[in-house]
Amino acid sequence: MLRCLSGAWCMRVIEGHKSTWYFILLVLVYVVYLVLGAAVFSLVESPYEDLLRQELGALKRQFLQDNECLSEQRLEEFLAKALEASNYGVSVLNNTSENYNWDFTSALFFASTVLSTTGYGHTVPLSDEGKAFCIVYSVVGIPFTLLFLTAVVQRIMVFSTRRPVDYVQRRWALSKSLVAGVHAGVLAVITVSCFFLIPAIVFSVLEEDWNFLESFYFCFISLSTIGLGDYVPGEGYNQKFRQLYKVGITVYLLLGLIAMLVVLETFCELQQLTKLRKMFYLKKQRTEDRLNIIEHDHLSFSSVSDQAASFREYKTDLITDTSPIAASDGPVVR
């Protein structure tokens with residue numbers, strides 16, 4: 001008996017807090033996924049890092065042996081200064097000395113990466129004034145960019161998703177969930193082709209040191225706003241039409257980001273994903289609706305009570321008014 005009661009109580013607790021249990025499961029799965037990613041990256045990249053360290057150490061020792069007049073301390077100071085400058089986007093190599101990071105087109109490209117929160121990190125402000133302006137510019141610009149992208153995506157969704165889905169559903173009397181799912185898949189294929197595959201081919205041709213995988217990797221890292229900065233186009237030696245190339249990349253990143261948001265919003269509107277999201281959300285407490293219902297019931301009860309009281313008063317008055325008449329009429333009838 002106690003087991004049945006405890007089991008029923010546990011089931012009631014689970015059913016009453018289902019979204020909480022789903023949320024806890026979501027947190028656990030996310031932590032496991034995070035740890036799994038760290039383990040895979042560590043397992044894959046550690047051997048390459050060790051190999052690069054060995055090659056760099058051997059190259060440094062060979063350089064010191066070939067140049068005995070140069071001390072290791074002086075070499076370390078020079079390398080530290082060169083690496084610090086490289087972190088700010090300034091290279092000491094002769095083949096990159098002609099590429100400036102702060103001409104107008106490069107600054108436009110930098111501003112677009114800041115506002116889109118991509119942030120490659122290959123170019124950063126050097127002065128204190130530039131760093132202060134970057135903070136103020138980002139505080140105002142990032143929310144403004146989100147507002148701009150939201151407004152653009154909302155208008156595009158009407159013509160790219162909602163109207164086509166409604167038309168196909170009404171024209172052929174198909175299930176809306178089926179039409180929306182097929183449409184989302186087709187839209188995803190078109191977006192991947194136009195903003196990943198084709199640009200990757202173009203970048204692999206224009207960038208001498210990039211193959212197709214590296215170009216596709218750059219497209220994905222950029223349009224997903226990860227922005228690692230290990231691959232940045234337009235930084236090669238003697239890049240033809242560099243300024244026009246930078247402007248084109250800026251336009252590509254902006255249009256690609258809009259396309260990615262349209263696809264994500266299209267998938268988020270699918271009924272299956274909507275039900276899945278609601279599993280992890282807290283149920284809205286409709287306090288105002290409940291208060292309105294209670295207030296409406298109270299008003300209804302009050303009106304009924306008032307009507308009943310008025311009817312009782314009317315009935316009492318009627319009885320009081322008719323009783324003297326009955327008494328006075330008695331002798332006449334007699």
Charged N to carboxylate O below 4.0 Å: is that the case for Arg242 and Asp103?
yes
Run the side-chain donor-acceptor check on residues 49-59: report pairs under 3.5 Å with partners two or more places apart or on a different chain.
unit_1 : atom_1 : unit_2 : atom_2 : d
Glu49  : OE2    : Arg53  : NE     : 3.4
Glu49  : OE2    : Arg53  : NH2    : 3.2

Give every donor-acceptor pair under 3.5 Å between a side-chain atom in residues 34-41 and any protein atom, sequence neighbours left out.
none

Hits for side-chain contact (heavy atoms from CB on, under 4.5 Å) against Arg170, two or more places apart or cross-chain, chain-then-number order -> Asp166
With sequence neighbours left out, the residues meeting side chain to side chain donor-acceptor pair (under 3.5 Å) with Glu72 are Lys60
Residues passing the side-chain contact (heavy atoms from CB on, under 4.5 Å) test with Phe148, sequence neighbours excluded, are Val152, Leu254
By salt bridge (charged side-chain N to carboxylate O under 4.0 Å, His left out), Glu269 pairs with (sequence neighbours left out) Arg162
Residues passing the side chain to side chain donor-acceptor pair (under 3.5 Å) test with Ser116, sequence neighbours excluded, are Thr118
Residue pairs passing the ring-ring contact (aromatic ring centres under 6.0 Å, His included) test with at least one member in residues 159-184, sequence neighbours excluded, are none
From the list Trp210, Phe212, Tyr252, ring pair (Phe, Tyr, Trp, His ring centres under 6.0 Å) partner of Phe218 resolves to Trp210
Contacts of Ser193 meeting side chain to side chain donor-acceptor pair (under 3.5 Å) (sequence neighbours excluded), chain-then-number -> none
Quick note, side chain to side chain donor-acceptor pair (under 3.5 Å) partners involving residues 211-220, not counting sequence neighbours, are Glu214-Tyr231, Tyr217-Asp230
Those residues at least two apart in sequence (or on a different chain) that pass side-chain contact (heavy atoms from CB on, under 4.5 Å) with Phe241 are Leu244
Side chain proximity check, Leu187 to Val262, heavy atoms < 4.5 angstrom: yes
Ile226 meets the side-chain contact (heavy atoms from CB on, under 4.5 Å) criterion, sequence neighbours left out, with Phe220, Ile221, Ser224, Leu228
